[in-house]
Chemist: 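I am attaching a structure below and will ask some questions about it afterwards.
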Amino acid sequence: MNVSELPKHFDTQAAESSWQARWRELGVYRYAEAAPGQERFAIDTPPPTVSGSLHVGHVFSYTQTDLIARFERMRGKRVFYPMGWDDNGLPTERRVQNYFHVRCNPGLKYESGLQLPDPADPNFDPKSPPQEISRRNFIELCLRLTEEDEKSFKALWGRLGLSVDWTQEYSTIDPRCRRAAQRSFLDLWRKGHIYSVEAPTMWDVDFQTAVAQAEVEDRKIGGHFHHLRFAVEGSPIGSKIDIFTIATTRPELLPACVGVTAHPDDARFRHLFGKRALTPLFGVPVPIFPSDLADPEKGTGILMVCTFGDATDVRWWREQNLANRQILGRNGRLLAVEFGQPNWPSVDPQRANLLYSELSGKNVKQARRLIVEQLRAPDEAVLRGQAPLEREPAPIEHPVKFFEKGDQPLEFITTKQFFVRLLDKKPMLLEAGDRIQWHPEFMRHRYRVWTENLAFDWAISRQRYFGVPFPVWYPISAAGEADYANPIVAEEESLPLDPADAAPPGFNEGQRGKPNGFVAEADVFDTWFTSSLTPMIASGWGEQPDRFRTLFPMDLRPQSHEIIRTWAFYTIVKACLHEDRIPWKNVAISGWILDPDRKKMSKSRGNVITPMHLLDEYGSDAVRYWAAGAGLGADTAFDVNVLKVGKRLVTKLFNASKFVLGKEGVPGPIVYPMDRVFLLRLRDLVRNATRHLENYEHQQALAETERFFWTAFTDSYIEMSRARTQGTQGAEAQGSALTTLRIALSVFLRLFAPFLPYITDEVWSWTCAEETGCASIHASAWPSEADFPELPADGNEGIFDIALEALYAINRSRTAAGVSTAREIKTATLAAKPDAFPLLQAACEDIRLAVRAGELLAVEEPQLDGAGIEVRQIEFVSA
RNA sequence: GGGCGGUUAGCUCAGUUGGUUAGAGCACUUCCCUUACAAGGAAGGGGUCCGGGGUUCGAGUCCCUGACCGCCCA
């Protein structure tokens with residue numbers, strides 16, 4: 001090809017679209033089953049949540065994974081690099097409900113070809129009650145909506161140049177994933193790791209679903225300490241009544257009070273243990289017991305136990321065998337209860353019911369406001385006329401548990417839920433974590449600490465719709481009662497299924513909901529129950545045994561650090577419980593992108609930077625350069641300047657390549673000392689860059705390559721060899737220089753290829769593709785010793801650094817004299833210390849040619865300050 | 001309250017097992033259109049490596065301690 005016909009500038013956008021098409025056409029990123037003896041490298045790509053938009057943080061972390069994929073591919077491994085979409089779950093549900101104005105009713109049957117009113121229709125009434133549809137219809141709508149998102153995500157990934165094999169695509173709600181999740185359930189059920197129980201569970205009252213420990217976060221919110229007087233039961237009439245004061249932030253749970261406790265060593269309350277207290281207003285007798293868990297410093301030191309205010313209440317309720325008086329319903333409103341009935345004792349049921357009737361049906365906030373008013377009134381029955389509220393509520397700020405996606409504090413509500421038993425498996429899970437390499441290493445602690453502190457088994461059932469259903473039914477007795485203790489689980493061959501549409505083995509559809517028939521479980525799995533299977537889904541677990549054997553365990557799991565406790569943890573759980581193996585050998589944790597003020601990017605903060613305009617303005621390679629500049633685990637503030645630097649590097653590569661390939665002449669053997677020394681240094685660079693990439697330190701590889709390319713190659717070696725390439729120093733010196741330049745260019749292109757896939761393939765296509773027979777640089781071999789001819793060492797390797805110093809020294813002289821680099825030098829003299837002098841002499845001719853001097857002398861100066869080279873005399877050709 | 005990470009130039013960040021005078025880019029100043037490159041090049045100024053102690057011949061680097069920032073967990 002005629003390099004002189006190449007465009008003046010590199011058109012990034014045109015190159016990006018043409019190379020994407022070319023890569024597809026060549027199948028460069030297609031995973032091929034490894035030949036015998038050939039290594040494979042399997043990546044458990046994080047499936048992005050599709051019901052949102054991508055920001056530069058995603059671009060950042062996905063690029064870091066792609067670097068590794070490209071590096072390993074060039075090293076000759078068969079790279080398995082799939083892409084999944086995480087589309088099930090709450091965010092999508094919410095969008096579908098609003099967009100189509102529907103609600104899911106899992107009790108309804110599927111209606112094929114369901115017609116929905118068009119929200120754009122003028123007759124459409126948005127205030128009308130939402131249409132109820134079956135779960136399968138609802139899922140179809142979710143799929144319709146997520147399909148669009150997936151298209152735009154895919155376009156962005158393509159643009160960014162992710163070397164994903166797009167034939168290996170999945171989404172977490174597709175039949176394959178649903179089948180895998182249900183198969184996982186069956187396997188764990190058979191192995192006895194899953195149990196279902198009716199117990200107090202963390203519950204979000206808005207979403208009306210159970211949540212797992214991993215989805216819970218503490219938030220500091222304002223509240224009030226309410227000081228309430230309780231009476232001790234049995235104070236003799238006429239004597240001074242024995243009263244104590246508890247402090248609580250949740251007075252509305254007073255009707256659910258089932259006990260009172262204080263620290264066993266607390267002298268103030270020791271005399272009360274074993275007696276019973278009477279709750280104010282409701283007059284409920286409850287036991288007073290000692291507990292180490294009560295903090296004498298907190299509040300008044302004595303507190304009420306309710307069903308259920310928090311996790312400690314649950315514990316006390318269990319350990320002390322307390323009554324269960326659940327007053328909060330699943331919707332977060334107070335249930336109707338009747339005092340005086342069994343389990344609801346009261347010394348004055350009539351009054352208790354009167355007071356409670358005001359609270360019944362109210363939500364927590366409303367009930368709290370009302371009960372505080374009730375507590376201000378004198379309480380004759382229990383407190384002989386004193387008001388239960390001892391003093392005005394005192395504002396405090398305290399940590400409260402929230403569902404990470406929710407807006408209301410979590411409640412503990414007694415419901416039937418499925419759990420995976422984990423608490424007995426901590427040692428095994430810790431040991432598994434130790435067998436995995438974590439990058440950076442300190443991220444191992446996050447996993448370890450989470451696993452050690454795990455307090456609950458994994459609650460896997462969710463009372464939601466856009467998810468994978470439990471493949472479970474319950475028999476109905478002749479009397480019409482569902483038998484939840486004896487679930488019927490599906491057979492593996494029938495997966496995936498929705499128990500609302502399919503009948504269990506041995507039953508027919510006509511028996512649904514009838515005596516001696518069956519009823520379907522309505523719950524779906526926690527989304528992590530499916531996502532925790534990604535390495536198994538992608539590698540064909542349970543479906544393609546041969547493929548599974550070669551791909552599992554995978555080599556690499558890339559992910560971010562805030563989901564170590566969920567995604568990484570649950571994936572390790574699943575791999576251990578199903579296969580008794582770790583899911584991958586390496587975990588690479590990418591950092592977060594912070595906004596320029598070092599705040600985490602989030603929609604709610606409104607500081608999200610989207611990537612498309614950056615790709616348009618700077619080009620994919622520049623964006624990737626920015627992403628590759630940060631090491632794993634390092635949070636980085638977004639800085640548009642780094643993109644500019646990347647763009648400059650791309651331009652420099654483009655121009656330097658044009659220079660090298662534009663030289664005419666016949667390449668010959670490397671006989672010239674400076675060429676040999678330069679190649680030796682380049683060979684060191686290859687070794688270092690390779691080592692850094694092997695160690696998951698891509699930023700080091702890039703930084704060293706870039707630095708050497710800029711200072712040693714374009715700024716110096718090219719200048720030193722320029723004259724020789726034109727043949728002025730004879731054919732042998734020219735041939736040696738041309739060969740060196742060609743080797744260097746080919747090596748540089750390949751060292752940069754994982755980072756800058758577009759510009760490197762563009763340049764590669766000019767001549768290297770034909771010369772090597774590799775149509776794409778990304779299918780070529782990573783540079784190695786094999787790229788270099790025999791380069792015997794002769795002890796003169798120092799001439800390169802000396803030459804560099806001499807060039808800098810002369811540049812300084814030029815600048816000091818205010819002389820253009822275009823002006824030639826008539827004569828100059830360089831001074832070196834005796835130990836450096838022979839090297840300077842040896843490099844003198846190369847320096848002279850580089851700076852275009854008529855005459856260049858080297859002198860020895862034992863008394864020279866410092867170690868460098870100094871210009872002793874310089875005379876420029878007159879302008 | 002516990003754990004982990006961080007604090008290096010105005011900004012964004014490197015700095016590997018301790019080892020010359022602590023680096024890069026951006027920004028700033030000055031100069032230069034030079035046959036690969038003005039989408040460029042050359043040069044320059046700019047540092048109490050968060051504070052305090054310690055180990056060492058020698059500490060940005062190791063140890064102790066304090067402050068601040070971030071994250072995770074209670």
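Convention: sequence-line order gives letters A, B, ...; per-chain numbering from 1. Every heavy atom of this structure was used, including side-chain atoms; hydrogens, water molecules and symmetry mates were not.
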Chemist: Is the Lys NZ or Arg CZ of A:R219 less than 6.0 Å from the centre of A:F402's six-membered ring, within 45° of the axis?
Modeler: yes

Chemist: Using the C1' atom on both, measure B:C50 against B:U7 and round to a whole Å.
Modeler: 6 Å

Chemist: Could you tell me the separation between the CG atom of A:D11 and the C1' atom of B:C37, rounded to a whole number of Å?
Modeler: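 In whole Å, B:C37 C1' and A:D11 CG are 17 Å from each other.
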
Chemist: Measure the spacing between OG of A:S813 and OH of A:Y808 and express it to the nearest 0.5 Å.
Modeler: 15.0 Å

Chemist: Rounding to an integer number of angstrom, what distance separates B:G18 and B:C62 when you compare their C1' atoms?
Modeler: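 Approximately 7 Å lies between the C1' atom of B:G18 and that of B:C62.
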
Chemist: Could you tell me how far B:G51 sits from B:U8 if I compare only their P atoms? Round to whole Å.
Modeler: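 Looking at atom P only, B:U8 and B:G51 are 10 Å apart.
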
Chemist: If you check every side-chain atom of A:Q700, which of B:C26, B:A14, B:G5 has the closest atom?
Modeler: B:A14

Chemist: Mind calculating the distance between CZ (A:R446) and P (B:A74) to the nearest angstrom?
Modeler: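 Roughly 14 Å, once rounded to whole Å.
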
Chemist: Please work out if A:N641 contacts a base, only the sugar-phosphate, or nothing of the nucleic acid, heavy-atom cut-off 4.0 Å.
Modeler: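 If one applies the 4.0 Å heavy-atom cut-off, A:N641 turns out to touch the sugar-phosphate alone, with no base involved.
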
Chemist: Nearest whole angstrom, please: distance from the P of B:C4 to the NE2 of A:H439.
Modeler: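 Rounded to whole Å, this separation is 20 Å.
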
Chemist: Under a 4.0 Å N-O cut-off, is there an ion pair linking A:D204 with A:K405?
Modeler: no

Chemist: Which one is paired to B:U21, where only Watson-Crick or G-U wobble pairs with both distances under 3.5 angstrom count?
Modeler: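 Checking every strand shown, B:U21 finds no partner, since no pair has both distances under 3.5 Å.
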
Chemist: Provide the Watson-Crick or G-U wobble partner of B:U56, both distances under 3.5 Å; none if there is no partner.
Modeler: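 Paired with no nucleotide.
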
Chemist: Choosing from B:G44, B:G41, B:A74, which nucleotide comes nearest the side chain of A:D218?
Modeler: B:A74

Chemist: Nearest to the side chain of A:T651, heavy atoms from C-beta on, is which of B:C4, B:A39, B:A42?
Modeler: B:A39

Chemist: In whole Å, what separates the P atom of B:G41 from that of B:G46?
Modeler: 24 Å

Chemist: Whole angstroms only, please: what is the CG-C1' distance between A:L643 and B:C13?
Modeler: 14 Å

Chemist: Taking the six-membered ring for Trp, are A:Y625 and A:Y618 closer than 6.0 Å centroid to centroid?
Modeler: no

Chemist: Report which part of the nucleic acid A:W626 touches: base, sugar-phosphate, or nothing (heavy-atom distance under 4.0 Å, all strands).
Modeler: nothing

Chemist: In whole Å, what is the span from the CG atom of A:L454 to the P atom of B:G3?
Modeler: 20 Å

Chemist: Taking all heavy atoms of A:A712 and all of A:F800, pick out the closest pair and write down the distance.
Modeler: O-CZ, 3.6 Å

Chemist: Applying the Watson-Crick and G-U wobble criteria at under 3.5 Å, what pairs with B:C26? Answer none if nothing qualifies.
Modeler: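 Answer to the pairing question: B:G10, which forms a Watson-Crick or G-U pair with B:C26.
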
Chemist: Quick one: which of B:C71, B:A36, B:A43 gets closest to the side chain of A:R812?
Modeler: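 Of all the options, the side chain of A:R812 is nearest to B:A43.
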
Chemist: Counting only side-chain heavy atoms from C-beta out, which of B:C4, B:G3, B:C37 sits nearest to A:V449?
Modeler: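 Among B:C4, B:G3, B:C37, the one nearest the side chain of A:V449 is B:G3.
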
Chemist: Under 4.0 Å between a side-chain N/O of A:R648 and OP1 or OP2 of B:C26, yes or no?
Modeler: yes

Chemist: When you get a sec, tell me which of B:G3, B:A24, B:G25 is the closest nucleotide to the side chain of A:R707?
Modeler: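 Nearest to the side-chain atoms of A:R707, counting from C-beta on, is B:A24.
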
Chemist: Below the 4.0 Å mark, does B:U35 have OP1 or OP2 next to a side-chain nitrogen or oxygen of A:K658?
Modeler: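 Negative; the distance criterion is not met.
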
Chemist: Start at the 5' end of RNA chain B and walk down; is the nucleotide closest to A:G631 or to A:Y808 reached first?
Modeler: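 The residue closer to the strand's 5' end, by nearest nucleotide, is A:G631.
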
Chemist: Rounding to the closest angstrom, what is the interatomic distance between B:G25 and B:A67 at atom P?
Modeler: 38 Å

Chemist: Nearest whole angstrom, please: distance from the P of B:A36 to the CG of A:L745.
Modeler: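 It is 15 Å, rounded to the nearest whole Å.
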
Chemist: Distance check needed: B:C72 P versus A:M443 CE, whole Å only.
Modeler: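 It works out to 11 Å between those atoms.
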
Chemist: Check the angle between the aromatic planes of A:Y570 and A:W458 and answer parallel, tilted or perpendicular using the 30° and 60° thresholds.
Modeler: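 The arrangement is parallel - the two ring planes meet at less than 30°.
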
Chemist: Would you classify A:E704 as touching base, sugar-phosphate or nothing, given that sugar-phosphate means primed atoms plus P, OP1 and OP2, and contacts are heavy atoms under 4.0 Å?
Modeler: base

Chemist: Could you check A:A816 against A:K652 and say which one's nearest nucleotide on RNA chain B is further toward the 5' end?
Modeler: A:K652

Chemist: Using a 4.0 Å heavy-atom cut-off across all strands, classify A:T636 as base, sugar-phosphate, or nothing.
Modeler: sugar-phosphate

Chemist: For B:G40, give the paired nucleotide (Watson-Crick: N1-N3 plus N6-O4 or O6-N4; G-U: N1-O2 and O6-N3; both under 3.5 Å), or none.
Modeler: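 Base partner found: B:C32.
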
Chemist: Once you apply the 3.5 Å cut-off to both distances, tell me the Watson-Crick or G-U wobble partner of B:G47, or none.
Modeler: none

Chemist: Take the protein atom CG of A:L649 and the nucleotide atom P of B:G40, then report the distance between them rounded to whole Å.
Modeler: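 Result: 11 Å.
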
Chemist: It should be established whether A:R722 places a side-chain nitrogen or oxygen under 4.0 Å from OP1 or OP2 of nucleotide B:A36.
Modeler: yes

Chemist: Where the side chain of A:F659 is defined as all heavy atoms beyond and including C-beta, which of B:A36, B:C4, B:A42 is the nearest nucleotide?
Modeler: B:A36

Chemist: Among B:U12, B:G41, B:A36, which is the nearest nucleotide to the side chain of A:A637?
Modeler: B:U12

Chemist: Just so I know, are the side chains of A:K826 and A:I874 near enough to count as touching, which here means a heavy-atom distance under 4.5 Å?
Modeler: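 The answer is no; the side chains never approach within 4.5 Å.
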
Chemist: Compare the minimum distances between each of B:G25, B:C13, B:C37 and the side chain of A:E719, then state the nucleotide with the smallest one.
Modeler: B:C37

Chemist: Sticking with atom P, work out how far B:U29 lies from B:U21, rounded to a whole angstrom.
Modeler: 32 Å

Chemist: Hey, can you tell me if A:F713 and A:F678 have their rings parallel, tilted or perpendicular (30° and 60° cut-offs)?
Modeler: parallel

Chemist: Has the side chain of A:K644 got a donor or acceptor atom sitting under 3.5 Å from an opposite partner on the base of B:C26?
Modeler: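 Answer no: no donor N or O sits under 3.5 Å from an acceptor.
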
Chemist: Determine the Euclidean distance between corresponding C1' atoms of B:G23 and B:A14; express it in Å to zero decimal places.
Modeler: 7 Å

Chemist: Under the salt bridge (charged side-chain N to carboxylate O under 4.0 Å, His left out) rule, collect the residues that match up with A:D526, sequence neighbours excluded.
Modeler: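 Salt bridge (charged side-chain N to carboxylate O under 4.0 Å, His left out) check on A:D526 returns A:R462.
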
Chemist: The side chain of A:V645 is closest to which nucleotide in this list: B:C13, B:C26, B:A43?
Modeler: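 Side chain of A:V645 sits closest to B:C26.
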
Chemist: Between A:R444 and A:D434, does any NZ, NE, NH1 or NH2 come within less than 4.0 Å of an OD or OE carboxylate oxygen?
Modeler: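 Salt bridge between A:D434 and A:R444, a charged N being under 4.0 Å from a carboxylate O: yes.
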
Chemist: State, to 0.1 Å, how close A:R742 and A:P667 come at their nearest heavy-atom pair, and which atoms those are.
Modeler: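 A:R742 and A:P667 have their closest heavy atoms at NH1-CG, 4.0 Å.
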
Chemist: If the C1' atom of B:G15 is compared with that of B:U20, how far apart are they to the nearest Å?
Modeler: 16 Å

Chemist: Using a heavy-atom distance cut-off of less than 4.0 Å, which residues of residues 691-699 of chain A contact RNA chain B?
Modeler: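 Within this stretch, A:H692 sit under 4.0 Å of the strand.
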
